[in-house]
S.K.: 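Mind having a look at this structure? Questions to follow.
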Number of protein chains: 2
Amino acid sequence: MDDVFKALADASRRALLDRLHARNGQTLTDLCDGLAMTRQAVTKHLAILEAANLVATVRHGREKLHYLNPVPIHQIGERWIRKFERGRLAALGELKRKLEERDE
Amino acid sequence: MDDVFKALADASRRALLDRLHARNGQTLTDLCDGLAMTRQAVTKHLAILEAANLVATVRHGREKLHYLNPVPIHQIGERWIRKFERGRLAALGELKRKLEERDE
DNA sequence: TTGACATGCAACCATTTGGTTGCCTATTAT
DNA sequence: ATAATAGGCAACCAAATGGTTGCATGTCAA
């Protein structure tokens with residue numbers, strides 16, 4: 001789970017996931033296209049995404065196809081974000097109240 | 001948005017949010033209690049959470065009370081995670097299919 | 001008023017991170 | 001066969017990160 005959060009912390013990596021979301025199964029050079037980064041930098045980002053299980057790859061001859069795995073993202077939504085949504089309105093009300101105590 | 005992802009990337013900070021979720025409005029020393037970190041380290045983490053707008057504070061005499069702000073977490077769920085949930089099953093099917101091409 | 005308590009500030013440190021360059025290997029197309 | 005293409009590996013680098021220690025300040029209680 002920590003791997004996933006860490007992987008998602010970087011904007012370049014989120015952009016790569018966005019690209020795969022737009023078009024799945026791209027090669028490394030596809031994914032490099034138009035980015036202000038060397039291929040090696042992208043390779044490293046993809047390795048981190050792969051380690052976090054956010055991306056799966058298939059070798060196909062000399063190219064490597066990258067596929068988005070949405071499961072870990074979904075799990076963060078389920079296991080982590082939802083927790084904070086329960087009691088969200090209550091927390092907000094309390095927060096507002098306490099912030100206004102300032103002016104008393 | 002990037003601030004929020006970065007803030008959530010650290011397990012210690014997520015633990016602090018968990019603590020505030022369990023009991024809102026804790027002071028700095030409350031939050032330090034039982035953690036294997038100096039007070040100053042916790043201060044820095046809280047500053048990052050505050051900068052990301054995940055925590056709001058109220059000074060109350062010599063103590064500083066910390067309140068969880070659940071809005072940014074909710075926004076990540078809405079604006080980012082949901083995007084990847086649309087077409088999630090489709091992506092998974094495709095992923096499975098491509099991974100199995102390996103064995104052809 | 002004076003000591004204890006809650007927090008703030010700043011300098012410093014090691015490690016991690018995000019990136020680079022240079023070169024090597026494997027596969028495909030001519 | 002050979003050149004071009006797709007990717008891999010490793011060393012290196014600067015900056016950010018997560019942590020520390022030491023000291024200063026503000027507030028409360030005896």
Side-chain angles (χ1 to χ4, degrees), chain A residues 1-20 23-52 54-68 98-99 101-102 104, chain B residues 1-20 23-52 54-68 98-99 101-102 104:
Chain A
M1 197 90 157
D2 191 60
D3 287 348
V4 181
F5 273 109
K6 284 242 164 46
L8 295 181
D10 185 87
S12 304
R13 287 193 287 270
R14 291 197 303 278
L16 287 171
L17 292 179
D18 278 339
R19 287 185 160 221
L20 287 180
R23 183 163 65 88
N24 215 352
Q26 295 188 64
T27 84
L28 173 59
T29 29
D30 283 345
L31 288 167
C32 287
D33 193 64
L35 293 188
M37 247 186 295
T38 57
R39 177 176 51 85
Q40 284 79 357
V42 176
T43 301
K44 286 196 186 177
H45 284 305
L46 288 172
I48 289 170
L49 291 171
E50 215 175 329
L54 284 158
V55 162
T57 61
V58 187
R59 287 307 295 255
H60 206 266
R62 66 178 161 182
E63 16 185 60
K64 190 177 188 181
L65 303 178
H66 296 78
Y67 291 89
L68 176 64
K98 287 294 176 177
L99 289 175
E101 278 189 15
R102 229 182 10 194
E104 281 175 25
Chain B
M1 196 91 158
D2 191 60
D3 288 347
V4 181
F5 273 110
K6 285 241 164 46
L8 295 181
D10 186 88
S12 304
R13 287 193 288 267
R14 291 198 302 277
L16 288 170
L17 292 179
D18 278 339
R19 287 185 161 220
L20 287 180
R23 182 162 65 88
N24 214 353
Q26 295 188 63
T27 96
L28 172 59
T29 29
D30 284 344
L31 288 167
C32 287
D33 193 65
L35 293 188
M37 248 186 295
T38 57
R39 177 177 51 85
Q40 285 78 357
V42 176
T43 301
K44 285 195 186 179
H45 283 304
L46 288 172
I48 289 169
L49 291 171
E50 215 176 329
L54 284 157
V55 162
T57 61
V58 187
R59 288 305 297 254
H60 206 266
R62 65 179 162 182
E63 20 187 56
K64 190 178 188 179
L65 304 179
H66 296 78
Y67 291 89
L68 176 63
K98 287 295 177 178
L99 288 175
E101 278 189 15
R102 231 182 9 197
E104 282 175 21

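The sequence lines fix the lettering, A, B, ..., with proteins before strands; numbering per chain opens at 1.
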S.K.: I'd like to check the ring-ring contact (aromatic ring centres under 6.0 Å, His included) partners of A:F5; sequence neighbours left out, ordered by chain and number.
M.R.: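 Per chain and number, A:F5 pairs via ring-ring contact (aromatic ring centres under 6.0 Å, His included) with A:W80.
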S.K.: Specify the separation, in whole Å, of atom CG of A:D33 and atom P of D:dG7.
M.R.: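 So the two atoms are 12 Å apart, to the nearest Å.
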S.K.: Given atom CG of A:L46 and atom P of D:dC9, what is their separation to the nearest angstrom?
M.R.: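 Atom-to-atom, A:L46 to D:dC9, this comes out as 14 Å.
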S.K.: Of A:D10 and A:G61, whose closest DNA chain C nucleotide lies nearer the 5' terminus?
M.R.: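 The 5'-side residue here is A:D10.
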S.K.: Restricting to side-chain hydrogen bond (donor to acceptor under 3.5 Å, both in side chains), what partner residues turn up for A:D30, sequence neighbours left out?
M.R.: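 Per chain and number, A:D30 pairs via side-chain hydrogen bond (donor to acceptor under 3.5 Å, both in side chains) with no residue.
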S.K.: Protein-nucleotides 12-16 of chain D N/O pairs closer than 3.5 Å?
M.R.:
none

S.K.: Can you name the atoms? Protein N/O to nucleotides 5-8 of chain C N/O, anything below 3.5 Å, with the distance.
M.R.:
unit_1 : atom_1 : unit_2 : atom_2 : d
C:dC5  : O2     : B:R62  : NH1    : 3.1
C:dT7  : OP1    : B:L28  : N      : 3.3
C:dT7  : OP1    : B:K64  : N      : 3.0
C:dT7  : OP2    : B:T29  : N      : 2.8
C:dT7  : OP2    : B:T29  : OG1    : 2.7
C:dT7  : O4     : B:R39  : NH2    : 3.3
C:dG8  : OP1    : B:K64  : NZ     : 3.2
C:dG8  : N7     : B:R39  : NH1    : 3.1
C:dG8  : O6     : B:R39  : NH2    : 3.1

S.K.: Who passes side-chain contact (heavy atoms from CB on, under 4.5 Å) against A:A9, sequence neighbours left out?
M.R.: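 A:A9 satisfies side-chain contact (heavy atoms from CB on, under 4.5 Å) with B:A9 only.
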S.K.: In chain order, what residues pass the side-chain hydrogen bond (donor to acceptor under 3.5 Å, both in side chains) check against A:D2, with sequence neighbours excluded?
M.R.: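 Counting only residues at least two positions away or on another chain, A:D2 forms a side-chain hydrogen bond (donor to acceptor under 3.5 Å, both in side chains) with A:K6, B:R14.
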S.K.: Output all residues satisfying side-chain hydrogen bond (donor to acceptor under 3.5 Å, both in side chains) with A:Q26, sequence neighbours left out; order by chain, then residue number.
M.R.: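 For A:Q26, the residues satisfying side-chain hydrogen bond (donor to acceptor under 3.5 Å, both in side chains) (neighbours in sequence not counted) are A:R23.
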S.K.: Sequence neighbours left out, what passes salt bridge (Lys or Arg N to Asp or Glu O under 4.0 Å) with A:R19? Give chain and number order.
M.R.: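 Salt bridge (Lys or Arg N to Asp or Glu O under 4.0 Å) check on A:R19 returns nothing, list empty.
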S.K.: Just distance, no hydrogens or angles: give the donor-acceptor pairs under 3.5 Å from side chains in residues 31-47 of chain A, sequence neighbours left out.
M.R.:
unit_1 : atom_1 : unit_2 : atom_2 : d
A:T38  : OG1    : A:A41  : N      : 3.4
A:T43  : OG1    : A:R39  : O      : 2.9
A:H45  : ND1    : A:R13  : NH1    : 3.1

S.K.: Who are the side-chain contact (heavy atoms from CB on, under 4.5 Å) partners of A:A51, not counting sequence neighbours?
M.R.: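 Listed in chain order: nothing, the list is empty.
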S.K.: Got A:L8 and B:L8 here, is their nearest side-chain heavy-atom distance under 4.5 Å?
M.R.: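 Result no, sub-4.5 Å side-chain heavy-atom pair not found.
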S.K.: Dot-bracket for DNA chain D, please, read 5' to 3', with Watson-Crick or G-U wobble pairs under 3.5 Å on both distances, ( ) within the strand, [ ] crossing, | other strand, . unpaired.
M.R.: ||||||||||||||||||||||||||||||
S.K.: Would you please name every residue forming a side-chain hydrogen bond (donor to acceptor under 3.5 Å, both in side chains) with A:K64, sequence neighbours left out?
M.R.: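 Counting only residues at least two positions away or on another chain, A:K64 forms no side-chain hydrogen bond (donor to acceptor under 3.5 Å, both in side chains).
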